[in-house]
Trainee: 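Below is the structure I would like to discuss, written out as structure tokens.
Numbers here simply count residues along the sequence, with the first being 1. Values below: every heavy atom of this structure, side chains too, minus hydrogens, waters and symmetry copies.
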Amino acid sequence: MGRLDWALVRTLEGHTDWVHSVVFSPDGRLLASGSGDKTVRLWDAATGQLLRTLEGHTNLVNIVAFSPDGRLLASGSGDKTVRLWDVASGQLLRTLKGHTDWVHSVAFSPDGRLLASSAKDQTIRLWDAASGQLVRTLERHTGWVHRVAFAPDGRLLASGSLDNTVRLWDAASGQLVRTLAGHTDWVHSVAFSPNGRLLASSAKDQTIRLWDVASGQLVRTLEGHTEEEWGVAFSPDGRLLAAGFGDNTVRLWDVQTGRLVTTLKGHT
């Protein structure tokens with residue numbers, strides 16, 4: 001693979017507490033951030049200018065996610081709610097209630113019709129994104145569900161939990177398809193490859209695991225870390241996997257070979 005050059009472009013300042021989640025809008029023009037200061041902020045990605053601050057949550061904001069068309073922004077909070085915001089106006093459209101503990105993750109289906117949320121109450125909830133109605137509740141995990149992600153075709157939903165497992169669900173029926181076991185500690189993050197064939201999971205056991213989605217077989221384990229991983233993401237072409245570590249670094253891996261490509265340092 002070619003040489004990778006990295007340079008810090010700008011730092012966006014304004015939150016008064018930890019930033020727990022950041023996400024780009026589908027067109028790349030906006031950046032949303034959720035913070036322990038109970039706010040969501042929308043930034044111009046090109047200039048770094050703060051466009052608006054979304055207020056309403058009564059506890060920290062753990063996660064933010066744009067809808068596929070970029071018109072909606074979902075935020076999950078320690079106040080046990082999911083909130084849906086109109087991106088253009090910043091208006092709060094609706095508050096989704098039902099979880100009985102902190103909401104840790106939200107994700108829109110690729111067609112934008114469903115919104116999945118997961119929480120410390122060990123459940124996953126599927127909502128109709130247009131109406132805000134609860135479609136179904138998925139209950140099989142035995143620890144809080146830290147992250148959910150839809151497959152690119154929207155047919156499967158993956159969840160990672162503090163019960164050390166990754167589970168794959170049929171998004172249409174809510175049926176549990178399979179349980180991926182192998183991690184020996186909390187699963188922090190899950191992510192599908194762009195073609196939907198691989199699923200990456202990262203955990204407190206200091207490993208990243210790559211799974212074959214069709215069979216559920218473990219393809220590769222990335223080891224050798226001395227700190228736990230907190231998040232994973234595939235590059236758009238699926239060739240690289242990025243992971244954030246507790247030692248304040250981001251590492252990039254070659255998906256095909258499992259080779260460490262580079263380590264990004266600079267966080268303090």
Side-chain angles (χ1 to χ4, degrees), residues 6-96 99 102-108 112 115-120 129 145-150 160 188-191 202 229-236 242-246 248-250 264-268:
W6 302 89
L8 177 64
V9 178
R10 59 179 54 88
T11 300
L12 310 182
E13 300 183 28
H15 283 296
T16 58
D17 206 327
W18 290 10
V19 176
H20 291 270
S21 177
V22 292
V23 63
F24 281 100
S25 61
D27 62 8
R29 295 180 180 179
L30 298 176
L31 181 72
S33 56
S35 169
D37 65 12
K38 307 176 187 178
T39 70
V40 177
R41 295 181 187 243
L42 288 173
W43 313 81
D44 183 297
T47 65
Q49 178 185 359
L50 177 62
L51 301 178
R52 59 179 52 91
T53 300
L54 310 181
E55 299 179 290
H57 280 296
T58 58
N59 204 325
L60 61 87
V61 180
N62 280 314
I63 191 76
V64 286
F66 281 98
S67 61
D69 62 9
R71 295 180 181 178
L72 297 177
L73 182 72
S75 55
S77 169
D79 65 12
K80 309 175 188 178
T81 71
V82 176
R83 297 184 188 233
L84 287 174
W85 311 83
D86 179 83
V87 172
S89 67
Q91 179 184 357
L92 175 63
L93 298 178
R94 58 185 57 90
T95 300
L96 310 183
H99 283 295
W102 286 21
V103 176
H104 276 273
S105 184
V106 291
F108 284 94
L115 176 68
S117 61
S118 67
K120 195 175 179 180
V145 187
H146 201 266
R147 192 67 75 229
V148 289
F150 280 96
H188 287 306
S189 185
V190 291
S202 65
E229 296 84 6
W230 284 94
V232 287
F234 284 92
S235 62
F245 288 82
N248 306 334
T249 67
V250 176
L264 310 180
K265 300 179 180 180
H267 289 294
T268 58

Trainee: In Å, rounded to the nearest 0.5 Å, how long is the span from CG of D17 to NE2 of H15?
Mentor: 10.0 Å

Trainee: Please check if the side chain of R41 supplies one atom and the backbone of E13 the other of a donor-acceptor pair under 3.5 Å.
Mentor: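 No; judged by distance alone, with no hydrogens or angles, the pair does not exist.
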
Trainee: For S67 and P26, work out which heavy atoms get closest and say how close.
Mentor: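 Reported closest heavy-atom pair: O-CG, 3.4 Å.
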
Trainee: Under 3.5 Å, is there a donor-acceptor pair between the side chain of D37 and the main chain of T16?
Mentor: yes

Trainee: If you count every heavy atom of other residues, nucleotides or ligands that lies below 6.0 Å from R29 atom CZ, does the total exceed 12?
Mentor: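 No, not enclosed.
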
Trainee: What is the minimum heavy-atom distance between N62 and S21, and which atoms define it?
Mentor: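 Residues N62 and S21, closest heavy atoms: O-CB, 3.4 Å.
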
Trainee: Is a side-chain N or O of S105 found less than 3.5 angstrom from the main chain of V148, in a donor-acceptor match?
Mentor: yes

Trainee: For N59, check side chain to side chain donor-acceptor pair (under 3.5 Å) against everything at least two apart and list the hits.
Mentor: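 Expected list: none.
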
Trainee: Show your reasoning for whether side chain to side chain contact (heavy atoms under 4.5 Å, CB included) applies to V40 and L73.
Mentor: CA-CA 10 Å; V40 177; L73 182 72; 3.5 Å; yes

Trainee: Looking at D27 and S25, what are the two nearest heavy atoms and their distance?
Mentor: OD1-OG, 2.7 Å

Trainee: Taking all non-hydrogen atoms of both residues into account, name the closest pair between L42 and L50 and its distance.
Mentor: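 Heavy atoms only, the tightest pair is O-CD1, 3.5 Å.
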
Trainee: Nearest heavy-atom pair of V87 and R52: which atoms, and what distance?
Mentor: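 Scanning both residues, the minimum pair turns out to be O-NH1, 3.2 Å.
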
Trainee: Give me the atom names and distance for the closest heavy-atom approach of F150 to F108.
Mentor: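 Smallest interatomic distance, heavy atoms only, reads CD1-O, 3.3 Å.
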
Trainee: Rounded at 0.5 Å granularity, tell me how far CG in L92 sits from OG in S75.
Mentor: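 Separation between the atoms: 8.0 Å.
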
Trainee: Less than 4.5 Å apart, side chain to side chain, heavy atoms only: is that true for H20 and V61?
Mentor: no

Trainee: Find out whether V22 and L12 are in side-chain contact, i.e. whether some heavy atom of one side chain is under 4.5 Å from a heavy atom of the other.
Mentor: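 A side-chain contact under 4.5 Å is absent here.
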
Trainee: For the NZ atom of K80 and the OG1 atom of T95, what is their distance to the nearest 0.5 Å?
Mentor: 15.0 Å

Trainee: For H104, give me all partners under ring-ring contact (aromatic ring centres under 6.0 Å, His included), at least two apart in sequence or on another chain.
Mentor: W144, H146

Trainee: Checking side chain to side chain contact (heavy atoms under 4.5 Å, CB included) for the pair W102/L60: CA distance, chi angles, key distance, verdict?
Mentor: CA-CA 9 Å; W102 286 21; L60 61 87; 3.8 Å; yes

Trainee: Are side-chain heavy atoms of L115 and L72 found at a separation under 4.5 Å?
Mentor: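 Not touching, per the 4.5 Å side-chain cut-off.
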
Trainee: Would you say the side chain of S77 lies within less than 4.5 Å of the side chain of V103, judging by non-hydrogen atoms?
Mentor: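 Side-chain contact under 4.5 Å: no.
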
